[in-house]
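Just below is one structure, and these are the notes that go with it.
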Amino acid sequence: MAGLLSFLSPCVLPLIPSYVGFLTGLSAEEIQRRRGTAVLHALWFIAGFSLIFVILGATASALGSLVGRSQVWIGRAGGVLVILFGLYLLGVPGPRFLMRERKIELARKPLGYLGSAVVGITFGAAWTPCIGPILGAILTLAAARGSVGQGSALLAGYALGLAVPFLITAFALDRFLAWFQKFRPFLVWVDRVAGTLLILLGILLVTDRFTLLAGYLRGLTPEFLKSRL
């Protein structure tokens with residue numbers, strides 16, 4: 001859900017067609033005729049940013065595991081930070097480090113599919129006011145878990161939430177453009193929903209009640225799926 005909300009955020013969603021065009025070097029009309037090429041470039045782009053996100057998740061968890069017994073307090077301190085992230089998305093002025101944009105820009109895309117992966121890596125390494133709070137919240141949760149495997153899995157899930165809609169867009173850019181015109185009036189609600197969810201997540205972390213949410217979701221999971229988890 002966090003990855004999907006990042007994809008739908010007001011400063012990411014309008015740029016998606018530009019990203020697809022930048023990766024492929026094709027016009028919108030050419031992309032519709034060469035969908036296979038667009039999908040391949042999108043897959044390499046996804047691989048690039050997914051690699052960065054998984055590395056970030058593993059690093060956050062590894063750092064969290066170093067403190068051992070202080071894991072509960074990391075969760076509580078991280079919960080306060082997540083609440084601040086949520087308030088920022090709801091429009092409450094936040095710390096300057098959230099508002100400052102840090103990213104790597106490529107004036108020209110490197111050639112070939114490997115070049116698309118390089119662009120994905122730069123995208124994954126970016127820190128922008130839109131994607132930063134949501135990504136920061138997931139990294140905070142990964143640090144609170146303290147398990148490198150769990151942290152990597154959390155960020156892999158986040159990457160998947162970004163990857164699936166991007167891949168669909170690359171395959172059907174014309175339909176995305178038509179859908180975007182209808183969705184544009186609701187863009188403002190994306191940050192509101194994300195901010196509200198982050199505040200709720202932060203409260204669960206601060207009160208050390210996050211396991212209750214996990215238990216509730218487990219209760220909703222079908223038995224045949226539980227046995228395979």
Side-chain angles (χ1 to χ4, degrees), residues 1-58 101-132 134-135 138-139 142 149 151-187 189-191 193-194 225 228:
M1 287 180 63
L4 179 60
L5 287 172
S6 292
F7 179 86
L8 296 174
S9 61
C11 60
V12 172
L13 188 65
L15 297 178
I16 295 300
S18 300
Y19 265 105
V20 177
F22 183 65
L23 292 173
T24 61
L26 304 173
S27 66
E29 292 76 14
E30 291 173 326
I31 290 173
Q32 293 177 34
R33 294 195 301 267
R34 301 176 61 182
R35 297 179 192 270
T37 299
V39 168
L40 285 175
H41 278 284
L43 286 172
W44 280 87
F45 174 75
I46 289 168
F49 71 67
S50 297
L51 174 64
I52 293 297
F53 289 153
V54 170
I55 290 174
L56 287 174
E101 188 170 330
R102 302 178 181 90
K103 62 182 180 179
I104 304 171
E105 293 186 353
L106 296 176
R108 294 184 179 179
K109 173 187 167 295
L111 295 176
Y113 296 118
L114 187 58
S116 293
V118 173
V119 177
I121 290 173
T122 63
F123 176 83
W127 179 276
T128 68
C130 266
I131 199 175
I134 298 178
L135 177 58
I138 302 300
L139 288 174
S152 300
L154 283 174
L155 271 294
Y158 175 76
L160 186 65
L162 270 169
V164 171
F166 186 85
L167 194 62
I168 293 173
T169 300
F171 179 76
L173 183 61
D174 52 340
R175 295 186 181 182
F176 170 84
L177 293 173
W179 169 84
F180 176 68
Q181 294 304 318
K182 298 178 181 178
F183 185 76
R184 186 190 293 271
F186 302 100
L187 276 177
W189 285 97
V190 175
D191 278 350
V193 170
L225 185 57
R228 292 170 172 75

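With sequence neighbours left out, the side chain to side chain contact (heavy atoms under 4.5 Å, CB included) criterion links Ala47 to no other residue. Partners of Leu177 by side chain to side chain contact (heavy atoms under 4.5 Å, CB included), not counting sequence neighbours, listed by chain and number: Pro17, Leu173. Applying the ring-ring contact (aromatic ring centres under 6.0 Å, His included) test to Trp179 and every residue at least two apart in sequence or in another chain returns Phe176, Phe183. Listed by chain and residue number, Phe53 satisfy the ring-ring contact (aromatic ring centres under 6.0 Å, His included) test with Tyr158 (two or more places apart in sequence, or in another chain). Applying the ring-ring contact (aromatic ring centres under 6.0 Å, His included) test to Phe171 and every residue at least two apart in sequence or in another chain returns nothing. Here Arg184 pairs with Phe180, Gln181, Leu187 under the side chain to side chain contact (heavy atoms under 4.5 Å, CB included) rule; sequence neighbours left out.
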*For the pair Leu155 and Ile55, evaluate side-chain contact (heavy atoms from CB on, under 4.5 Å) and give the outcome as yes or no after the intermediate values.*
CA-CA 8 Å; Leu155 271 294; Ile55 290 174; over 6 Å; no
*Run the side-chain contact (heavy atoms from CB on, under 4.5 Å) check on Phe7 and Val164 step by step: do they pass?*
CA-CA 10 Å; Phe7 179 86; Val164 171; over 6 Å; no
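The side-chain heavy atoms of Thr37 and Tyr113, taken from C-beta on, include a pair separated by under 4.5 Å. Residues Pro165 and Leu4 meet the side-chain proximity criterion, which asks for heavy atoms closer than 4.5 Å. With contacts defined as side-chain heavy-atom distances shorter than 4.5 Å, the pair Trp44/Val119 does not qualify.
Between Arg35 and Ala172 the shortest heavy-atom distance is NH1-CA, 3.5 Å. The two residues Ile138 and Ala2 have their closest heavy-atom pair at CD1-CB, 3.8 Å. Taking both residues in full, the closest heavy atoms of Phe49 and Ala159 are given as CE1-O, 3.7 Å, listed atom of the first, atom of the second, then distance. The minimum heavy-atom distance between Ser152 and Ala58, with the atom names listed, is OG-CB, 3.4 Å. In terms of heavy atoms, Ala38 sits closest to Ala170 at CB-O, 3.5 Å.
In this structure, CD1 in Ile16 is found 8.0 Å from CG in Leu162, a value given to the nearest 0.5 Å. How far CZ of Phe166 is from OH of Tyr19: 8.5 Å, rounded to the nearest 0.5 Å. Atoms OG1 and CG, on Thr169 and Asp174 in that order, are 10.5 Å from each other to the nearest 0.5 Å. With values rounded to the nearest 0.5 angstrom, Ile121 atom CD1 is found 10.5 Å from Ser50 atom OG.
Each of Leu139, Leu5, Asp191 was compared with Ile134 under the side-chain contact (heavy atoms from CB on, under 4.5 Å) criterion, and only Leu5 meets it.
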